[in-house]
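Take a look at the structure set out below.
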Amino acid sequence: MDYISADIEKKWQNYWKENDSFEPSEDFTLEKKYILSMFPFPSGRLHMGHVRNYSISDALARYHRQQGKNVLHPIGFDSFGMPAENAAIKNGSHPKGWTYDNIDYMKNEFYALGFSFSRKREMATSDELYTKFEQSFIIDMYEKGLLYREKGMLNWCPNDQTVLANEQVVDGCCWRCDTPIEKKDMNQYYFKITQYSDELLDDLKELEKGWPKQVLTMQENWIGKSNGLAFDLLFDDESKAKLNSMFESFDVFTTRPDTIYGVSYTALAPEHAIVTYMCENKLLDEATIAQIIKMKNTSSIDRQKEKAGLPLGLNVIHPLTGKIVPVWIANFVLMDYGSGAVMAVPAHDDRDYDFAKKYDLPINAVIKAKDAESDVSEKAFTDAGVLFNSGEFDGLNSKKSQYNIIKMFEEKKIGAKTTNYKLKDWGVSRQRYWGAPIPFIHCEDCGLVMEKKENLPIALPDDVEINGEGSPLENHPTWKHCKCSVCGKDAVRETDTMDTFVQSSWYFLRFCASPETLKNTAFTKEEISYWMGVDHYVGGIEHAILHLLYARFFTKVFRDLGYLDFDEPFDKLLTQGMVLKDGTKMSKSKGNTVDPDAIIAKYGADTARLFILFAAPPTQELEWNDSAVEGSHKFIKRFFDRASNVKKTETKPKIDHSSLSKEEKTARKKVYEALKRSEEVFKERYTFNTMIAGVMEAVNALNLQSNADVWSEGYWILASIMEPVIPHTCWDISNEYFSLNNLTKQEILEEVFIEDSITLGVAINGKNRGEIEVDLTATKEEILTLAKEKVKKYLEDKTIIKEIVVPKKLVNFVVKG
RNA sequence: GCGGAUGUGGUGAAAUUGGUAUACACGCCAGACUUAGGAUCUGGUGCCGCAAGGCGUGGAGGUUCAAGUCCUCUCAUCCGCACCA
């Protein structure tokens, strides 16, 4: 029978659909596996990155199903978001229609690839029920004080006409459209993620077993915890008078209190309150004010190009020496880190050094290397060292003095040990239409109030005009008008919608809901405690910070709200590498994409899956190679054709190993080696390429013999091993020859690994010179005699100094002369 | 600058604890079958060399009977963060 991929694949896809083959059981006494791939945005069609992502998770899901586990392998769509609106603006389509059409199309693509998803748990985050539950959680979070509204300087993308979270600003530009962001003073809703900074950082330890180190490090850096000293710098009397006695002091933070005797100036961020006061009250001359305004309006990228600043004509008093220290304004001081002000120690900080050199400020060295002279004439000395010119702390090392200096500040009550984080609260409101509305109401009398839970969902209106100008909800004639949930008076709805990352922060919990639960509640605690945590989470490294941090945050919040009782959502994280063509990432703009549909049409889904899992380990980049795809296709055909050597059987044949020929024994050994490899791969290594190579070797070995029982046993096992990779082909073979009985856990037979003789390498001075075959029972002396005979010609005129026999591996002679 | 990785044939890549480097595949070469071959099958293929032999895992050292694997230094590439005080 010829291998016709289209027929076979269609046949089994229909079979799986009709038989609900991949629905998880509701029996919570079974051992479970929750296998999840990061769900896609419904952009229109699948790309190869998707195919790789789901090929990996599908292989895991199918393997564990064979092992008898209760497997949850769901699929959904992260369906809110800007592209739907952009398409609306471009083609006049409606975001809803566009989104759901795309979902339908992509679902078909998924099932054409044979992915074993639970069809009954399919969902999209733009479904009204999803919005309903999410809005309910938002209200819970507000009541807990984890959501607040505040005016602030926000990241504004002028192209997308919306605010962005800090995490969504990449190199000063919008993460989505690359437009340089602007700062805009606006009201915004924030999740208090900073309340969980320490826990988000500390719990990374729990993840060390299951997450790539790289991701852990990225999260750690993003949270950016640093310990140091915070203290007040007091103005002198003259400066206080200049400031109309409005300010006594300002607060600074340092991680290097050991350098404090080297302070030679201090610097404020251009946005600092004192600077703002001075500008507003014209306490500086006009030219200076103009320069400050210019500095503030400079983009963050330009601000990094060169250090710049101005003296403010103010002085503070050094807290330890009592000396007068000038106050500057400096463009490198960031308003949103620490207090927006720094003590400057040019001798021991590169930035302070550059600035001091430029403006000719004093450079006072106070730390030197242990056994060297201090030299800061060329550059700052930023290492730890020994203190000098530091009063009572002279001679102490950096570490010791940091401790002592902080202690002294605390005793004198002029400063305190302080921890700072780079992590900021998560701004979640977006001025867009295609998102989940934030369920709040603005009432003239009552202020900001929550919508009543019984009124949820606050759904989006369908009749909107989307033209890219302003917020479509804000511009809608009637939608925003409502009654206050507290006093009943006329009021207005919040027209901002939520960041789409909010939806992806809890979708993995929603998947735990049974088809029954789905209709009524978000999920039940019982279901969640059974299915969570996710055993394998598969997705792209690009989500290392944003999505994974937010999802971890939501899990902790839901725990504190009583919805669940664990700390971390994802036990194991597998970050897949990119799919490349011609050395660069596949992308439409580069025109180097390969369309999955075309590959399926030409070779079939199994070929695409096999190539993707065979060409490289999943965490590594994958270079697309047309002829290697061809090769994968050839293997499947050969695998299918050679199945004709198999004798039909309902059970695995029993074979008397001792009666077999050498070729037959080798074939069996290779088959069972492949099985061993498969277990390691699925349990620990996930290097599917090596497992597939093992199967290929086994097929090659089977082909060198003609014992029908050996063929049958071989295929019984190999079709089971390969089913997670090329499911259609394997189900077809299994059905034809084994009545599908072999797609279960396979037992390893140790007898096939026992051999009567073994091959040993013979080396001289570590260099391989030949090999000998010896009896299993051979003694060391016998082996040595045989080995010496084998490499006789290399031993002439030489003296053997040492003879090493490594059992079952090799013999090594150390020779001289 | 800080952090994380990766360097092995013409190519994608194997080598799980130090033990015969290059499994498996792609490509290439040769042969068979064929009207034909971009199908299928068989064999060959690390490099230099006619051979004997020598050399080979980015580079330089080291430990060891034995190093792709361990240690020191170094080079290159990729990724992430970045004026975070």
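So you know, we letter chains A, B, ... as the sequences are listed, proteins then strands, and number each from 1. Computed from a prediction, not measured in an experiment: that's the story for all the values here.
- Pairing partner, B:U63: none, since no Watson-Crick or wobble contact has both distances short of 3.5 Å.
- Per the geometry, CD1 belonging to A:I692 stands 13 Å off C1' belonging to B:G12, to the nearest Å.
- Look at the C1' atom in both B:C73 and B:C81: the space between them is 27 Å, to the nearest Å.
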Decide yes or no on side chain to side chain donor-acceptor pair (under 3.5 Å) for A:S398 and A:D258, but give the supporting numbers first.
-> CA-CA 6 Å; A:S398 289; A:D258 52 320; 3.0 Å; yes

With ring pair (Phe, Tyr, Trp, His ring centres under 6.0 Å) as the test, would you mind laying out the steps for A:F355 and A:Y265 before giving the verdict?
-> CA-CA 10 Å; A:F355 194 83; A:Y265 64 99; 5.4 Å; yes

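- Taking every side-chain heavy atom of A:L334 into account, B:C84 is the closest of B:G12, B:C84, B:U20.
- The glycosidic torsion of B:G9 lies within 90° of 0, which places this base in the syn conformation.
- Which of B:U16, B:C65, B:G54 sits closest to the side chain of A:R769 comes down to B:G54.
- Set against B:A13, B:G56, B:A21, the side chain of A:Q620 has B:A13 as its closest nucleotide.
- Between B:U11 and B:U45, the two C1' atoms lie 14 Å apart (nearest whole Å).
- The main-chain N or O of A:R256 is never found under 3.5 Å from a side-chain atom of A:Q402 such that the two would form a donor-acceptor pair.
- In terms of position on RNA chain B, the residue among A:W222 and A:N768 whose nearest nucleotide sits closer to the 5' end is A:N768.
- Base pairing of B:A23 is not made with any nucleotide, judged by Watson-Crick or G-U wobble geometry with both donor-acceptor distances under 3.5 Å.
- Under 3.5 Å, the side chains of A:Y261 and A:S401 contain no donor-acceptor pair of N or O atoms.
- Within 3.5 Å, a donor on the side chain of A:N812 pairs with an acceptor on the base of B:C65, or the reverse.
- Considering only the side chain of A:K422, B:C81 comes nearest among B:C79, B:U16, B:C81.
- In the model, A:N625 has a side-chain atom that pairs as donor or acceptor with a side-chain atom of A:S627 under 3.5 Å.
- Residue contacts for A:K634: at a heavy-atom cut-off of 4.0 Å it reaches the sugar-phosphate backbone alone, with no base atom in range.
- Checking B:C79, B:A23, B:G12 against the side-chain heavy atoms of A:A615 singles out B:G12 as nearest.
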Hey, what are the protein-to-nucleotides 7-11 of chain B N/O distances that come in under 3.5 Å?
none

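- A:E623 comes within 4.0 angstrom of no nucleic acid atom, judged by non-hydrogen atoms across all strands.
- Nucleotides B:U77 and B:A66 place their C1' atoms 31 Å apart, quoted to the nearest Å.
- Both distances falling under 3.5 Å, in either a Watson-Crick or a G-U wobble arrangement, place B:A30 opposite B:U42.
- At the heavy-atom level, A:V814 lies under 4.0 Å from the strands shown only through sugar-phosphate atoms.
- Residue contacts for A:V333: at a heavy-atom cut-off of 4.0 Å it reaches a base atom on one of the strands shown.
- If you check every strand for non-hydrogen atoms under 4.0 Å, A:P212 touches nothing.
- Note on A:T690: every side-chain N or O is 4.0 Å or more away from OP1 and OP2 of B:A15.
- With RNA chain B read from its 5' end, the first of the two nearest nucleotides for A:G694 and A:M578 is the one closest to A:G694.
- Remark: A:K307 is positioned above the aromatic ring of A:F332, its terminal NZ or CZ atom under 6.0 angstrom from the ring centre and at most 45 degrees off the axis.
- Looking only at distances, no side-chain donor or acceptor of A:N812 sits under 3.5 Å from a matching main-chain atom of A:I804.
- The base-pairing partner of B:A14, taking Watson-Crick or G-U wobble contacts with both distances under 3.5 Å, does not exist among the strands shown.
- A heavy-atom distance below 4.5 Å is found between the side chains of A:I56 and A:Q576.
- With distances taken from any side-chain atom of A:R677 to the nucleotides B:U42, B:U16, B:A85, the minimum falls on B:U16.
- For A:D349 and B:C2, the CG to C1' distance is 14 Å, given to the nearest whole Å.
- Within 6.0 Å of NZ in A:K669 there are 12 or fewer heavy atoms belonging to other residues, nucleotides or ligands.
- The same atom, P, is picked in B:G9 and in B:G56; the two are 14 Å apart, to the nearest Å.
- B:G58 and B:A51: their C1' atoms are spaced 32 Å apart (whole Å).
- Spacing between atom CE of A:M218 and atom C1' of B:G4 amounts to 9 Å, rounded to whole angstrom units.
- Using a 4.0 Å heavy-atom distance criterion, A:E680 is classed as a base contact.
- If you check B:A66, B:C24, B:C41 against the side chain of A:N700, the one that comes closest is B:C24.
- Taking atom C1' on both nucleotides, B:C26 is separated from B:G59 by 30 Å, rounded to a whole Å.
- Look at NZ on A:K581: it is 16 Å from P on B:G12, rounded to the nearest Å.
- Atoms NZ (A:K417) and P (B:A85) sit 15 Å apart, rounded to a whole Å.
- Across B:C47 and B:U57, the matching P atoms stand 15 Å from one another, rounded to whole Å.
- In this entry the distance linking CD of A:Q214 with C1' of B:U6 reads 11 Å, nearest Å.
- Minimum atom distance to the side chain of A:R351 is reached by B:A85, of the listed B:A15, B:A85, B:G3.
- Going from atom CZ of A:F355 over to atom C1' of B:A85 covers 14 Å, rounded to whole Å.
- A salt bridge does not link A:D641 with A:R638: every distance from a Lys NZ or Arg NE/NH1/NH2 to an Asp or Glu carboxylate oxygen is 4.0 Å or more.
- The pair A:K780-A:E803 fails the salt-bridge criterion, with no side-chain N (NZ, NE, NH1 or NH2) lying under 4.0 Å from an Asp/Glu carboxylate O.
- In this structure, A:D352 reaches neither bases nor backbone, as no heavy-atom distance under 4.0 Å exists between it and the strands shown.
- Base pairing of B:U69: no nucleotide in any strand meets the Watson-Crick or G-U wobble criterion (both distances under 3.5 Å).
- Among the protein residues, A:A763 comes within range of no part of the nucleic acid, since none of its heavy atoms lies under 4.0 Å from any strand.
- Here A:N689 lies in heavy-atom contact (under 4.0 Å) with sugar-phosphate atoms only.
- Judged by a 6.0 Å distance limit and a 45° cone about the ring axis, A:K676 is positioned over the six-membered ring of A:F753.
- Comparing B:G19, B:A5, B:C24 by their closest approach to the side chain of A:K213 singles out B:A5.
- Considering only side-chain atoms of A:R638, the nucleotide from B:A14, B:C41, B:G54 that sits closest is B:C41.
- Nucleic acid contact for A:T759: base, since at least one base atom lies under 4.0 Å from a heavy atom of the residue.
- Residue A:R685 places at least one side-chain N or O under 4.0 Å from the OP1 or OP2 atom of B:A15.
- Regarding A:I223, its CD1 atom lies at a distance of 14 Å from the C1' atom of B:C84, rounded to whole Å.
- Residue contacts shown for A:F614 include a base, since a base heavy atom lies under 4.0 Å away.
- When Watson-Crick and G-U wobble pairs are counted only if both distances are under 3.5 Å, B:G7 pairs with B:C75.
- B:C81 and B:G1 make up a base pair, with Watson-Crick or G-U wobble contacts both under 3.5 Å.
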